[in-house]
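Below is one structure, written out as structure tokens; the observations come after it.
Note that the coordinates shown come from a computational prediction; the quantities given were computed from them, not determined experimentally. In what follows, chains carry the letters A, B, and so on, assigned in the order in which the sequence lines appear, proteins first and then strands, with residues in each chain numbered from 1.
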Protein chains: 2
Amino acid sequence: MLVSTDLRPNETRALAALFRAGALSRAALARDLGLTRSTTGALVLGLTEAGLARERSDGADDEQDGEGRVGRPGILVEIEGNGGFFLGAYIGVNWIATVAVDLAGAQRASASRAFAGPGSTPEAAVAIIEELVAEIRSQLPEGTRPYGLNVAVPGFPAADGVSYHATILGWHGVNLAELLGNAFGDDFPILLENDANAVAVAETYRAQPGKDDEDALVILIENGVGGGIINAGRLHRGRLGGAGEIGHLRIGDEGFVFDAKRPGRLESYVGKDALLARYLHISGRRAGVDEFVAALAAGDPTAVATARDWALWFGRGLATLACTLQPERIILSGSVNAVYPFVAEQVEAFLSDFLAEGYPVPTVELSRVGADGPALGAACLLHQASLSGDPKFQLRGLAAR
Amino acid sequence: MLVSTDLRPNETRALAALFRAGALSRAALARDLGLTRSTTGALVLGLTEAGLARERSDGADDEQDGEGRVGRPGILVEIEGNGGFFLGAYIGVNWIATVAVDLAGAQRASASRAFAGPGSTPEAAVAIIEELVAEIRSQLPEGTRPYGLNVAVPGFPAADGVSYHATILGWHGVNLAELLGNAFGDDFPILLENDANAVAVAETYRAQPGKDDEDALVILIENGVGGGIINAGRLHRGRLGGAGEIGHLRIGDEGFVFDAKRPGRLESYVGKDALLARYLHISGRRAGVDEFVAALAAGDPTAVATARDWALWFGRGLATLACTLQPERIILSGSVNAVYPFVAEQVEAFLSDFLAEGYPVPTVELSRVGADGPALGAACLLHQASLSGDPKFQLRGLAAR
DNA sequence: GTAAATTAGTATGCCAATCAAACAAATCAC
DNA sequence: GTGATTTGTTTGATTGGCATACTAATTTAC
């Protein structure tokens, strides 16, 4: 009879090692885990029987630099994606999205729906998530049960750590965990995560095979400026998940848009509103981002001047953050990304000028993940928790008993 | 025959659990580790025989809220401090210090010596460390071999990750790891750590029993302003250990002391030089920190005005950092601490004003560890690595074979 | 005061995870 | 080809951990 069984510690460790490396021979895995080849052979046998790993058939052993090495070549073992699924969701201002990530870390299903965030109730959002989760679950192989659902929200828990504030949605003191718990019962564990944090994970989680200790800063620029911090491959949350709220970074005295209570903040210089307000101020033209970018591309001097001002403050902010956090990469996301290519040189020159000699200059890159970012990152966080051996997200496999 | 043997994974996990909790009964330890009581009993027997744990005799079971609980009371087991030692050193501008921390996390030995940092060679510093290490080793029980030496340095590795820059000592491109390796051979592993990072660890490592997931920001204020970031109880290093270099945070346009290349930085407003320069500007008096504090205590209006200006910019900087990192505690260290009590209210009012509603306000505290901070923190980092199961710092015990 | 309930610690037998050692298989170097 | 090297598997032995008892020490109920 086939039953679902919890994985033993070394099985989880083996999967984590396979995930890190992409694929490994049994012998290489044994070295990685500090076990003997015989033990590892048995381990891999157990994992394949449980449907969590498989021998790689395709393309032979191309990725491993096996060519030129003496001795019998190994058979690469990799994670079987269908071994498990992790759900992520995003409650945005305009839409709600859900995705499923498989055990191999690949996105396997997604579904989304328009949602008029401000003005809608949390209950309405949860109802939509419930429907979308049913939809993506139907896209997954028969009989699979996800390991959890992580919901990215544009807000933060209050000081009590439970009730959520999502100002941008007009929600205050909402117990989202309870609402979601009511909807999904005890099917699987449910988590909540700030959306900017989730995007940061989506942008960096396993961005390069074999590299899982990245230091990165992901910056989201819309009207507000938010961000997420990745330290050694792990999300830096801070006390309530609010670390990375760099919009309030005070870099000057006023700002392009003035805020009496908190003047001089980063977002009042580099946010979307701020950029367009500056353009209005210089050119007298009221434009959207697309129009502004078109003017910039056409060489309109007022647009160029606006972009230069913007780049100056943006560079200031990045330099400050680079000193404080010393990331390897800074990744930009949001609609203002369309402007960045026009000022990349200026910003990066400012950045490296500002940093002390010998200080590593981070690269500045544009987002790779698209609109699915928050939901994808939320799912990746579950994937990470499962492979790190967190007992709450303990992996399971099918075993003959 | 007694031989030294590596600990098995569960033995290390048990020690880590004992360290977190201070002391646990075998039954409580079993629950913590997810093992049965019988297994845990055997585990504890092994640890006590290996000289790494012991039953607590003193003061009975006071700390555990054992009173009023039904059932047979447990016998508390705690770490035997003599089970192992971790060495930390600090190369300062004026002195070199070394300390030893035992397996229970207690400081057990220290020795220091004056050192004219700028002008001295790295070789001279290493020679002094060698002597001081011999000195503190002689203070430890016979025959103990430390698990490692971690040296806190006022500098950072270059982009190559190896050669060190310590501008304040006048050292550039020094391969400290090699020099230390030559001095100590393969006696034990040797690490290097930035001094501000080490202080951050010293201030937070096991500050409260049972709490090991603190989010804190430690700020060092001398002429320069540096710092270290603790995220969930772990040091946030950034790419080369330079995270927390908040002195370059740009919070204004100029500064109390002007720096043409990087104007408006935090340290040009709140560093010791900046504070005293401001005082000179307002009062016309050239003073040291002690004199300034005396004037402040005496109610000298120019000193009060200076402190108010200082508090304003300091509050700005703290608010910015609190948003970015969301720490639970901000801990201040350095000679300027003497000024802080006079402006604590202003700074903290500014801080909570600036933070958004619902945002947790960090507490601001003054340093608890003294001059030994950097060396102590360096040693604590080794302690942490050992108990976290890092194979490089694998704990060992004596066992009959 | 005594009995019942509860929890801690230990002893015993069993299972299974791991190892060490040996062997067969597949490749490279010559 | 032959030898060297590395992989994967088999075998038997070891041991780490569990379930299940059992005894010990304390609180609660009566």
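Backbone-only engagement by A:G34 is indicated by non-hydrogen atom pairs under 4.0 Å involving sugar-phosphate atoms exclusively.
Positionally, the nearest nucleotide of DNA chain C for A:T40 lies more toward the 5' end than for the other of A:T40 and A:G71.
Shown here for B:F393 and B:S386, the closest heavy-atom pair between the two residues is O-OG, 2.8 Å. Shown here for A:G81 and A:R108, the closest heavy-atom pair between the two residues is C-NH1, 4.2 Å. Residues A:V162 and A:P157 come closest through the heavy atom pair N-CB, 4.3 Å. Smallest separation of non-hydrogen atoms from B:A207 and B:E214: CB-OE1, 4.3 Å. Pairing each heavy atom of B:L382 with each of B:N150, the nearest pair is CD1-N, 3.6 Å. Of all heavy-atom pairs spanning A:L33 and A:R13, the tightest one is O-NH2, 3.1 Å.
Taking atom CG on A:L33 and atom C1' on C:dC19, their separation rounds to 15 Å, with Å as the unit. Between the CZ atom of B:R31 and the P atom of D:dG17 there is a distance of 19 Å, rounded to whole Å. Regarding B:R56, its CZ atom lies at a distance of 14 Å from the P atom of C:dG9, rounded to whole Å. Atom CG in B:L43 sits about 15 Å away from atom C1' in C:dT10, given to the nearest Å. Taking atom CG of B:L35 as the reference point, atom P of C:dG9 lies 15 Å away to the nearest angstrom. In this structure, B:L76 atom CG and D:dA25 atom C1' are separated by 15 Å, rounded to whole Å. Rounded to whole Å, atom P of C:dC19 lies 13 Å from atom CG of B:D6.
If you look at B:F19 and B:Y205, their ring centroids are closer than 6.0 Å.
Relative to the side chain of A:T36, the nucleotides C:dC19, C:dC28, C:dT18 differ in distance, and C:dC19 lies closest. Out of D:dA24, D:dT5, C:dA26, the shortest distance to the side chain of A:P73 is found at C:dA26. The side chain of A:I75 lies closest to D:dG8 when the candidates are D:dT7, C:dC19, D:dG8.
Between the side chain of A:E78 and the backbone N or O of A:R54 there is no donor-acceptor pair closer than 3.5 Å.
For DNA chain D, the stems formed by at least three consecutive Watson-Crick or G-U pairs, with both atom-pair distances below 3.5 Å, span C:1-30 with D:1-30.
Checked by distance alone, B:R26 brings no side-chain donor or acceptor within 3.5 Å of a matching partner on the base of C:dA8. Applying the 3.5 Å distance criterion, the base of D:dT26 shares no donor-acceptor pair with the side chain of B:R72.
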Protein-nucleic acid N or O pairs under 3.5 Å, nucleotides 10-16 of chain D:
unit_1 : atom_1 : unit_2 : atom_2 : d
D:dG16 : OP1    : B:R8   : NH1    : 3.2
D:dG16 : OP2    : B:R8   : NH1    : 3.1
D:dG16 : O5'    : B:R8   : NH1    : 3.4

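How far CG of B:L43 is from CD of B:E11: 5.5 Å, rounded to the nearest 0.5 Å.
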